[in-house]
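Worksheet: one structure, shown below.
Just follow the structure's listing: the first ligand is 1, and inside any ligand the first atom is 1. Side chains included, hydrogens not; waters and symmetry mates left out as well; all remaining heavy atoms used.
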Amino acid sequence: MAIRIGDTAPDFTAETTEGTINFHEYLGDSWGVLFSHPKDFTPVCTTELGAVAKLKPEFDKRNVKVVGLSVDPVDSHTKWADDIKDTQGAALNFPLIGDPDHKVADLYDMIHPNANDTLTVRSVFIIGPDKKVKLTITYPASTGRNFDEILRVIDSLQLTAGYSVATPADWKQGEDVIIAPAVSDEEAKEKFPKGWKTLRPYLRVTPQPNK
Ligand code: BEZ
């Protein structure tokens with residue numbers, strides 16, 4: 001069954017390039033990103049894993065552990081890691097799950113048979129410290145993902161987890177945010193001392209509270 005926002009992220013134990021991990025234990029109190037790619041030794045996937053390796057410090061800064069997955073076995077991942085390092089200028093620095101029996105892929109519905117009946121699509125799951133799924137996205141094999149967008153969503157999720165705000169279209173760190181409609185103007189006076197602009201009664205814009 002498909003995993004939905006608000007579901008508990010299914011737990012599993014799997015072999016990875018960094019040894020056996022139990023997913024929930026591995027995440028501990030951190031946020032998590034679990035993402036699949038279709039196949040080792042393929043062009044788009046090679047660029048994606050290089051991109052994530054380069055962004056590792058950004059994930060670390062946000063207390064996020066990243067875990068990749070494909071249906072190839074770990075020894076294939078390990079051989080492919082040399083190509084990622086040589087061609088992308090960044091070595092693999094996060095665990096890649098080897099999932100030849102599709103145990104994790106099936107658990108997370110990462111194989112979409114009408115696209116390909118054996119390979120994983122490009123799934124992304126962002127998981128909170130409470131182990132609940134906060135975001136799911138799915139890309140086709142032919143489109144490499146924009147991992148800056150994943151970081152942007154994590155920034156939004158972490159902000160909205162701490163304050164009664166939502167973030168508008170194309171929001172980035174430091175930009176104005178939206179006061180949650182459930183917050184009354186009376187409450188907002190206390191929560192948002194920097195004030196706000198009321199564009200409509202349901203659309204109140206305030207400076208990012210933690211900046
Ligand atoms: C790729 O990573 O380039 C790729 C993988 C599987 C199917 C198509 C493209």
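- Nearest to atom 4 (C) of ligand 1 by heavy-atom distance, out of His37, Arg122, Lys39, is Arg122.
- Looking only at distances, a side-chain donor or acceptor of Asp40 sits under 3.5 Å from a matching main-chain atom of His77.
- A heavy-atom distance below 4.5 Å is found between the side chains of Ile178 and Pro168.
- For atom 6 (C) of ligand 1, the closest non-hydrogen atom on the protein side is Pro38 CB, 3.7 Å.
- Ring-plane geometry between Tyr108 and Phe23 is classed as perpendicular, the angle between the planes exceeding 60 degrees on a 0 to 90 degree scale with a lower cut at 30.
- A donor-acceptor pair under 3.5 Å links the side-chain atoms of Thr206 to the main chain of Gly195, judged by distance alone.
- Residues Thr17 and Phe94 fail the side-chain proximity criterion, which asks for heavy atoms closer than 4.5 Å.
- Listed by number with element, the atoms of ligand 1 under 4.0 angstrom from any heavy atom of Val44 are 1 (C), 2 (O), 3 (O).
- The contact set between ligand 1 and Cys45, taken as ligand atoms under 4.0 Å from a residue heavy atom, comprises 1 (C), 2 (O).
- Numbered from 1 in the order shown, with element, the atoms of ligand 1 that lie under 4.0 Å from a heavy atom of Ala141 read 7 (C), 8 (C), 9 (C).
- Using a 4.0 Å cutoff on heavy atoms, Pro43 counts as a contact of ligand 1.
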